Peer 1: 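First the structure, then my questions, so here it is.
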Amino acid sequence: MIKIAVFISGRGSNLNAIIQAIADKRLSAKIETVISNDKDATGLIIAEQHGLNTFAISQKGMTRAQHEEKILEHLSKFKLDYIVLAGYMRILSPDFLKHFKSEQGYYKVINIHPSLLPAFPGIDSYKQAFDYGVKVAGVTVHLIDENMDRGKILAQEPFPRFGDDTLETFTQRGLSVEHSLYPAVLQQIAKHGIEKK
Ligand code: GRF
């Protein structure tokens, strides 16, 4: 069983998928706390409905270092195996990441990105891919390192774009892939850890 903190900024549909996977025993994990940098994030309501510990702190009026310091202070109450980013819209600084460095040298911080990296990094990746006109899109689960959307890839899953797709139907297909892929990858990590290669 892995102990995780889930970081969100908004809707929380991946958080919800993780919660459901744990409830269904498809994922052997415990969510120790849910962190949000937006007090109004819908994901916080989902977390609270499930009785999870939450910690919301906006970065407004703070430096990145001060904001991260507050989060670290909260996280220090728990014994965590991994940080799981699920739509967290802030970049984590190297100073933050070093607190989660593994013996093998990688950071124990996992992210889901809505494209087949290295294509379409950054924000609005479903829209980027849709507007580009890709025939095959996808989702990536990867480790975080100091470079945005550049860490070691743990898993990728493609999905098709159909001729009659709108951005909405395309995005919905991608989100369904995310909701099955993320818990499945986390379960692999719970069982086997992160492979060195
Ligand atoms: C997802 O598309 C995820 O891949 C990206 O941000 C979005 C978050 O959605 N990093 P949600 O908050 O999990 O619904």
Side-chain angles (χ1 to χ4, degrees), residues 4-24 26-27 29 31 33-50 52 54-59 71 82-92 96-97 107 109-132 134 136-145 147-161 165-189:
I4 60 177
V6 181
F7 282 39
I8 62 167
S9 294
R11 183 176 51 194
S13 69
N14 279 287
L15 167 66
N16 192 51
I18 293 168
I19 291 172
Q20 293 312 324
I22 293 171
D24 296 349
R26 281 179 285 123
L27 171 56
I31 301 174
T33 185
V34 174
I35 308 284
S36 175
N37 67 315
D38 182 348
K39 291 189 165 66
D40 297 322
T42 320
L44 281 176
I45 300 172
I46 298 174
E48 278 153 18
Q49 280 169 348
H50 288 88
L52 296 174
T54 61
F55 183 69
I57 183 158
S58 162
Q59 65 279 9
I71 294 175
Y82 295 97
I83 303 287
V84 172
L85 306 181
Y88 188 62
M89 297 301 285
R90 301 216 11 111
I91 290 176
L92 296 169
F96 180 94
L97 291 175
Y107 301 114
V109 183
I110 305 156
N111 186 42
I112 186 156
H113 183 81
S115 76
L116 293 174
L117 288 173
F120 309 118
I123 60 164
D124 285 338
S125 301
Y126 286 137
K127 183 166 189 314
Q128 288 187 54
F130 185 83
D131 290 348
Y132 197 92
V134 299
V136 176
V139 172
T140 303
V141 177
H142 65 99
L143 292 180
I144 290 289
D145 69 7
N147 307 300
M148 190 179 75
D149 299 332
R150 289 285 295 277
K152 175 187 158 79
I153 290 174
L154 300 176
Q156 291 188 303
E157 188 171 329
F159 66 89
R161 178 226 184 96
D165 267 342
T166 60
L167 177 58
E168 286 66 37
T169 57
F170 176 77
T171 299
Q172 207 42 57
R173 192 170 306 116
L175 278 169
S176 316
V177 172
E178 292 189 42
H179 299 160
S180 62
L181 183 67
Y182 212 3
V185 174
L186 292 173
Q187 175 62 2
Q188 283 307 306
I189 293 172

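Computed from heavy atoms alone, side chains included, the values below leave out hydrogens, waters and symmetry copies. Atoms within each ligand, like the ligands themselves, are counted from 1 in listed order. The model shown is predicted, which means the values in this text are computed figures rather than measured ones.
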Peer 1: Heavy atoms, side chains only, cut-off 4.5 Å: are Leu154 and Ile110 in contact?
Peer 2: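 Yes, side chains in contact.
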
Peer 1: Indicate the ring-plane relationship of Phe170 and Phe130, choosing parallel, tilted or perpendicular according to the 30° and 60° boundaries.
Peer 2: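 Ring orientation of Phe170 relative to Phe130: tilted.
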
Peer 1: Which residues satisfy the salt bridge (charged side-chain N to carboxylate O under 4.0 Å, His left out) test with Arg90, sequence neighbours excluded?
Peer 2: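 Arg90: no salt bridge (charged side-chain N to carboxylate O under 4.0 Å, His left out) contacts found.
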
Peer 1: Measure and list all N/O to N/O distances between ligand 1 and the protein that fall under 3.5 angstrom.
Peer 2:
residue: ligand 1; atom: 2 (O); partner: Glu178; partner atom: OE1; Å: 3.4
residue: ligand 1; atom: 2 (O); partner: Glu178; partner atom: OE2; Å: 2.8
residue: ligand 1; atom: 4 (O); partner: Ile112; partner atom: O; Å: 3.4
residue: ligand 1; atom: 4 (O); partner: Glu178; partner atom: OE1; Å: 2.7
residue: ligand 1; atom: 4 (O); partner: Glu178; partner atom: OE2; Å: 3.3
residue: ligand 1; atom: 9 (O); partner: Arg11; partner atom: NH2; Å: 3.0
residue: ligand 1; atom: 10 (N); partner: Ile112; partner atom: O; Å: 3.1
residue: ligand 1; atom: 12 (O); partner: Gly12; partner atom: N; Å: 2.8
residue: ligand 1; atom: 13 (O); partner: Ser13; partner atom: N; Å: 3.3
residue: ligand 1; atom: 13 (O); partner: Asn14; partner atom: N; Å: 2.9
residue: ligand 1; atom: 13 (O); partner: Asn14; partner atom: ND2; Å: 2.9
residue: ligand 1; atom: 14 (O); partner: Arg11; partner atom: NE; Å: 2.6
residue: ligand 1; atom: 14 (O); partner: Arg11; partner atom: NH2; Å: 3.2
residue: ligand 1; atom: 14 (O); partner: Ser13; partner atom: N; Å: 2.8
residue: ligand 1; atom: 14 (O); partner: Ser13; partner atom: OG; Å: 2.5

Peer 1: Could you check, using the six-membered ring where one of them is a Trp, whether Phe120 and Tyr126 have ring centers closer than 6.0 angstrom?
Peer 2: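 Aromatic pair excluded; centres sit 6.0 Å or further apart.
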
Peer 1: First locate atom CD1 of Ile22, then atom NE2 of His50, and finally report the distance between them rounded to the nearest 0.5 Å.
Peer 2: 10.0 Å

Peer 1: Just checking, is any N or O donor in the side chain of Thr140 or His142 under 3.5 Å from an acceptor N or O on the other one?
Peer 2: no

